[in-house]
2 protein chains.
Amino acid sequence: MSAPASKSPATLHDVAREAGVSLATASRSLNGSARKVNEDYRQRVVEAAQRLGYTTNLFAQAVAKGSTTTVALLVADIADPYFSSIAAGVIDAASEERLVVTIAVTGRDAQRELDTVRALRGQRPRVMILAGSRTTGSAFEAELRTELSSFEDTGGKVAFISQDAAPFATVLLDNRGGARDLAVALAELGYRDFAVIAGPAEIRTAQERLDGFSAGLAEHGISLPAERIIHSDFTRDGGYRGAQELLASGARVDLVFAVNDVMAVGVVSALRDAGIAPGEGIGVAGFDDIPTVRDITPALTTVRIPLEDVGRRALQLATGSAYGAPDAGGGPGPIPTETIIRGSTPRR
Amino acid sequence: MSAPASKSPATLHDVAREAGVSLATASRSLNGSARKVNEDYRQRVVEAAQRLGYTTNLFAQAVAKGSTTTVALLVADIADPYFSSIAAGVIDAASEERLVVTIAVTGRDAQRELDTVRALRGQRPRVMILAGSRTTGSAFEAELRTELSSFEDTGGKVAFISQDAAPFATVLLDNRGGARDLAVALAELGYRDFAVIAGPAEIRTAQERLDGFSAGLAEHGISLPAERIIHSDFTRDGGYRGAQELLASGARVDLVFAVNDVMAVGVVSALRDAGIAPGEGIGVAGFDDIPTVRDITPALTTVRIPLEDVGRRALQLATGSAYGAPDAGGGPGPIPTETIIRGSTPRR
DNA sequence: ACTAACAGAGAAAGCGTTTACCCAGCGCGT
DNA sequence: ACGCGCTGGGTAAACGCTTTCTCTGTTAGT
């Protein structure tokens with residue numbers, strides 16, 4: 001009979017009254033507690049809660065307990081498959097531990113990233129995962145570290161994805177090694193004249209991949225002249241424009257490496273729009289192995305990163321739910337990468 | 001001198017003491033308040049906060065105010081570009097209003113969706129946005145509605161995306177009309193023998209698109225026999241398998257319509273793997289206009305939905321920050337769709 | 001000069017939880 | 001019989017904020 005259509009949600013108080021027990025007993029029966037409570041009572045409380053449509057107010061709980069069930073995830077762009085795949089992993093792992101994930105986007109803007117971290121600290125998240133593209137030499141870098149350190153000092157845990165950001169825990173991606181292996185594999189396929197669409201110079205991931213690629217080529221005695229390195233946005237359109245620029249330069253090239261897959265997709269489209277058949281005229285390779293690159297034509301050669309696992313692992317690393325202590329460096333070494341040769345780079 | 005490296009974050013209390021003012025004054029200076037506070041004091045407080053690295057504890061604030069700054073977003077799969085684009089819109093609009101977005105994934109499972117809604121209610125979000133694929137005839141449908149109603153009774157606001165879910169606010173997508181227009185356009189291009197890879201029968205979005213498409217064909221006197229409708233998963237792999245099944249049936253078809261783009265991408269790959277050139281042998285069309293379909297070959301004909309806008313609008317609809325009252329139905333009618341003809345459906 | 005009106009600081013009562021502490025009842029060993 | 005340790009319910013004090021209300025000091029009106 002008790003219609004719950006009141007103006008504000010039922011409180012634990014209401015439940016206790018309804019069940020005829022004390023607040024303490026109600027709390028103990030509904031949300032776990034070290035103390036036992038008589039099964040009869042427990043039953044009564046649970047039923048009362050049911051009847052009133054009670055749900056624990058997580059905020060109040062957090063205040064009382066002094067700890068939350070929140071995880072904050074920062075990404076550069078949630079619509080980018082790279083980040084959304086990572087997010088999927090984080091969310092999945094989080095829900096296993098009954099944690100709630102809040103996502104914020106930074107748009108690859110260091111200032112905004114800093115602001116976001118500050119704002120998110122207000123949530124007192126258990127964990128903060130930074131998947132955004134780390135930049136080098138940003139004036140905000142130091143401030144960010146300070147902010148994060150003080151977050152850790154006050155009981156939070158931070159995890160980075162991609163580059164080592166000691167002293168913070170990191171899920172290391174072997175950007176350098178992966179790119180090197182790719183370069184070697186391509187050289188062995190017979191490619192000789194390379195160009196790289198490299199993304200902004202200050203994005204560390206981009207830089208590492210470029211370095212690794214260049215190193216791999218060097219092992220085969222192939223050099224990568226500076227004019228064959230084109231910096232552009234870390235996005236699909238950046239890749240597209242980078243390829244256009246390359247073409248306009250008149251350079252003779254038999255393979256274009258874009259430092260990530262979304263850029264590579266842009267490259268493929270740009271080549272095609274310029275009347276060049278990707279994979280026949282010029283080979284194209286990317287990095288990340290986002291889902292779509294299997295489905296474009298030709299399928300893209302790339303370096304595979306198990307993105308969802310990376311997200312999952314970042315969370316586990318931070319919560320310490322795997323690999324022993326959360327501060328054990330970065331778990332068992334960097335995430336392995338794998339070179340995947342597909343149709344976009346046939347043997348020459 | 002005051003090193004903040006304590007074990008727990010600075011509280012407003014600490015700030016007040018540091019600044020030599022009362023708690024009330026500190027609160028008023030840091031977080032907005034109707035009351036004015038002397039500029040001298042305000043300054044002192046702000047500096048003290050700065051010095052101590054204070055950030056408002058949002059949870060405590062929420063408890064005290066009885067209202068939160070949280071928005072909950074439920075999606076079927078965050079790695080799916082359809083949902084991640086919508087999420088991007090929601091997050092963008094939310095951050096404009098200084099709201100924080102928590103994302104949960106339901107995996108198209110009605111039971112899990114219900115559980116998630118229940119769990120999320122504990123967060124007392126201002127708004128709950130359901131972008132998951134609504135299903136029909138689910139046993140959980142009624143329970144879900146009850147749960148959501150009681151959420152609204154206690155001051156929350158819910159917004160659906162896609163199908164009308166009266167009495168809840170909805171950002172209506174014109175699935176039916178869009179599919180109809182597409183069918184008409186394709187018929188006018190000269191296609192005659194259609195098949196549809198239709199997704200699970202119980203997903204409403206899928207069903208509406210199928211119906212609309214079929215109606216459009218009917219206008220041109222073309223019928224869509226039941227054996228040309230293949231139900232499969234609402235995913236890329238679902239599309240792939242659906243196309244395989246279609247091919248195996250030996251049906252003569254000149255156009256395959258997949259009810260969403262990720263499925264269409266699967267269809268394209270399946271055709272190609274079967275040695276059929278998509279766009280030449282058989283036309284392919286999708287629905288949604290996710291970013292990738294411009295970049296596959298041939299570029300995919302589809303029905304465009306401004307996904308980010310949809311997300312943005314869902315949030316605004318729920319917070320009432322646009323189009324007058326939040327309960328004004330669904331704002332200014334359904335989101336317009338647009339048929340986009342690309343290379344995958346050349347004139348026959 | 002005297003009071004009315006107003007500003008604005010501070011004290012204290014919430015907000016919805018958890019949990020330390022108190023205390024009654026009970027079974028047990030001596 | 002008696003004390004003692006458990007068990008487990010209840011009371012009340014936190015938790016970190018906001019906000020109502022009280023109260024003092026100013027300003028202005030007559």
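Source: prediction; values computed, not measured. Within every chain, numbering begins at 1; the chains are lettered A, B, ... in the order of the sequence lines, protein sequences first and strands thereafter.
The side chain of A/S22 lies closest to D/dG10 when the candidates are D/dC17, C/dT18, D/dG10. Checked against C/dT17, C/dA9, D/dC17, the side chain of B/L12 finds its nearest nucleotide in D/dC17. Closest contact between the side chain of A/S27 and the listed nucleotides D/dG8, D/dG16, C/dT19 involves C/dT19.
Comparing A/A24 and B/A60 against DNA chain D, the residue whose closest nucleotide sits nearer the 5' end is A/A24. Between A/T55 and B/V21, it is B/V21 whose nearest contact on DNA chain C lies nearer the 5' terminus.
Scanning both residues, B/Q163 and B/R204, for their nearest heavy atoms gives NE2-C, 3.4 Å. The shortest non-hydrogen separation linking A/I161 to A/A131 is CD1-CB, 4.0 Å.
Of the inter-residue distances, the one linking A/I129 atom CD1 with A/L315 atom CG reads 5.0 Å to the nearest 0.5 angstrom.
Backbone-only contact: A/V37 has heavy atoms under 4.0 Å from sugar-phosphate atoms and none from a base.
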Under the salt bridge (charged side-chain N to carboxylate O under 4.0 Å, His left out) criterion, do A/E152 and A/R145 qualify, and how do the steps go? CA-CA 10 Å; A/E152 288 212 321; A/R145 296 184 85 92; over 6 Å; no
After noting the C-alpha distance and the side-chain angles of A/Q61 and A/N57, does the key distance pass the side chain to side chain donor-acceptor pair (under 3.5 Å) rule? CA-CA 6 Å; A/Q61 193 172 66; A/N57 182 328; over 6 Å; no
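In this structure, A/K65 places its NZ atom 12 Å from P of C/dA20, rounding to the nearest Å.
For B/Q50, the CD atom is loosely surrounded, since the number of other residues' heavy atoms within 6.0 Å does not exceed 12.
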Short heteroatom pairs, N/O only, protein and nucleotides 21-25 of chain C, under 3.5 Å:
from	atom 1	to	atom 2	distance (Å)
C/dC21	N4	A/R35	NH1	3.1

